[in-house]
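Here the structure is laid out as structure tokens; the discussion comes afterwards.
As the structure lists them, so they are numbered: ligands from 1, and atoms in each ligand from 1. For this chain, numbers begin at 1 and follow the sequence in order.
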Amino acid sequence: MASSLPIGLFDSGVGGLTVAAALRMRLPRESVVYFGDTARCPYGDRSRAEVIQFSREICRVLMDLGVKMLVVACNTATASALPTLAAACPVPLVGVIEPGATAAVRATRGGKIGVIGTSVTIGSRAYERAVHVIRPDVEVVGLACPAFVPLVEQGRIRGPEVDAIVHEALAPLRHIGLDTLILGCTHYPYLSDAIQSAVGPDVTLISSAEETARWVARVLADRDLEAPRDAVPMDQFLTTGDPLSFRRAVDRALGSRASEVRTVALPSGVATVG
Ligand code: DGL
């Protein structure tokens, strides 16, 4: 039965675990299969064509494993590949940009929203478009922060050195009248403390994770795909990188619910799971 299948999620690395954690909070009966393409992370400095190719490969792996819906838990892949993936996807597909933009429009008081993300995401102006579909009068200011993803992948998320890097990177966003800042990369919620202190307490930080989980819940309900009442969730985490450090990141983000961490190889686009 399709409703018993897990939800598939992917990201370039550990960032999308923030979305997996929000899904677990909102939908505790659902199982997830998460794919972190750690070996090819970061995606944010790659070409759009590469991000599309990687995203298609990963979706194929997840579809072959059997999932009832796909969540692109990566802003860079959402900005680059969502329409391409949607055109060939046999299950419902959700990205993180529309949910994040929706939450930001709801939160803004003064109508000036900042968005930080990878170079690909900011260059695509996908957030600006998504915000303007909902409210054309809102001003959106984008800033690429290429230093942040490597910090998170290395597990460096707090301390004076991290604070200094974040503070310097966000200098262009200070004193320009923002009241809301979208964390337009799923890695960035790990740096929330440093980001909040860099932009000041009056700026509301928006992580798309919770809003995306809400969208997923709605899609599952609308399509009659919610996990059965007696479902016992079992999660799987696949990585193209080192399984031990990935296991540590999973435990940190999600606690210790029953789960399995495996390595996946993607030699020249052909996936083998084992
Ligand atoms: N977590 C990702 C995002 O939301 C990807 C970051 C990267 O690999 O550069 O954009």
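For Thr118, no nitrogen or oxygen atom sits less than 3.5 Å from a nitrogen or oxygen atom of ligand 1, counting backbone and side chain alike. No N or O atom of Thr121 sits closer than 3.5 Å to an N or O atom of ligand 1. Considering backbone and side-chain atoms together, Gly44 places an N or O closer than 3.5 Å to an N or O of ligand 1.
For ligand 1, the atoms sitting less than 4.0 Å from at least one non-hydrogen atom of Cys41 are 8 (O), numbered in the order shown with element in parentheses. Short contacts between ligand 1 and Ser12, defined as distances under 4.0 Å to a heavy atom of the residue, involve ligand atoms 5 (C), 6 (C), 7 (C), 8 (O). For ligand 1, the atoms closer than 4.0 angstrom to any heavy atom of Asp11 are 1 (N), 2 (C), 5 (C).
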Identify all side-chain donor-acceptor contacts of residues 80-104 below 3.5 Å with residues at least two apart in sequence or on another chain.
from, atom 1, to, atom 2, distance (Å)
Ser80, OG, Thr76, O, 2.8
Thr102, OG1, Glu98, O, 2.7

Distance-only criterion, 3.5 Å: show the donor-acceptor pairs between side-chain atoms of residues 129-139 and protein atoms not counting sequence neighbours.
from, atom 1, to, atom 2, distance (Å)
Arg129, NH1, Ser124, O, 2.9
Arg129, NH2, Ser124, O, 3.4
His132, ND1, Glu128, O, 3.4
His132, NE2, Val138, O, 2.7
Arg135, NE, Asp137, OD1, 3.1
Arg135, NH2, Asp137, OD2, 2.9

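Among protein heavy atoms, atom 7 (C) of ligand 1 sits closest to Tyr43 N, 3.3 Å. Closest to atom 1 (N) of ligand 1 among all protein heavy atoms lies His187 ND1, 2.7 Å.
Under a cutoff of 6.0 Å and an axis angle of 45°, Arg40 and Phe54 form a cation-pi pair.
Within 6.0 Å of CZ on Arg106 lie more than 12 heavy atoms contributed by other residues, nucleotides or ligands.
With rounding to the nearest 0.5 Å, the separation of OH in Tyr127 from CD1 in Ile206 is 10.0 Å.
Closest of all the heavy-atom pairs between Arg229 and Arg29 is O-CD, 3.3 Å.
Residue contact check for ligand 1: Gly117 places no non-hydrogen atom closer than 4.0 Å to it.
For atom 4 (O) of ligand 1, the nearest non-hydrogen atom from the set Asn75, Thr76, Val152 comes from Asn75.
A donor atom on one side chain and an acceptor atom on the other are not found under 3.5 Å apart for Asp11 and Tyr43.
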